[in-house]
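A quick note: this is a predicted structure, and the numbers were derived from the prediction, not measured.
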Amino acid sequence: MQFELSSEIQAPSAVVWAAVSDVESWPQWTTSMREVRWLDARGLAIGARARVKQPRMPPLVWTVCELDDGHAFAWRTASLGVTTIGAHRIAPLDSGRTLLTLAVSQTGALASLVGLLTGSQTRRYVQMELDGLKRAAETAASGDP
């Protein structure tokens, strides 16, 4: 399964990156996350691991596999014959706006079956995360509490 969503955000890329990269704060602005906690003291870095608890899913440990600081990161988890990669990319636009893209890809022997069983939930959660990140970044950029 491959899935990708993008949204323009009325905030500078540094503000959007601050929201994207502060993964432990994600549950504050999206109900698709119950808990995100770094298991390693180093935070967002290649090889760092985070425990993520989402509604209707078992807790999963995600490992950062790509990082372009200030622009993108991806993390990976594997279970039941499926490897899932979640990618988070930002690109500055004109007039202080930023394009945020969230993507999920699943590979492995059971990826098709898992995608069939959980695809609609995954799409819904990614949309919730995109909407929440947009709100969090635009609120931060506006200076409102």
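Of the possible polar contacts, none joining the Y125 side chain to the T31 backbone as a donor-acceptor pair under 3.5 Å is found.
Residue pairs meeting the side-chain hydrogen bond (donor to acceptor under 3.5 Å, both in side chains) criterion with at least one member in residues 74-84, sequence neighbours excluded: T84-Q106. For residues 53-62, the set of pairs meeting the side-chain hydrogen bond (donor to acceptor under 3.5 Å, both in side chains) definition, not counting sequence neighbours, comprises Q54-E129.
E4 meets the salt bridge (Lys or Arg N to Asp or Glu O under 4.0 Å) test with R89; sequence neighbours excluded. With sequence neighbours left out, the salt bridge (Lys or Arg N to Asp or Glu O under 4.0 Å) criterion links R123 to no other residue. For P58, there are no side-chain contact (heavy atoms from CB on, under 4.5 Å) partners two or more places apart in sequence or in a different chain. For Q10, the side-chain contact (heavy atoms from CB on, under 4.5 Å) test picks out R97, E138, with sequence neighbours left out.
Using a 4.5 Å heavy-atom cutoff, the side chains of R51 and P59 are in contact. In this structure, T101 and L99 have side chains that are in contact, with non-hydrogen atoms separated by less than 4.5 Å. At a threshold of 4.5 Å between non-hydrogen side-chain atoms, the residues V61 and L39 count as touching.
L130 and L93 fall into different hydrophobic clusters, where Ile, Leu, Val, Met, Phe, Trp and Tyr are joined by side-chain heavy atoms under 4.5 Å apart, directly or via other members.
For the pair R37 and E24, the salt-bridge criterion is not met [side-chain N within less than 4.0 Å of a carboxylate O].
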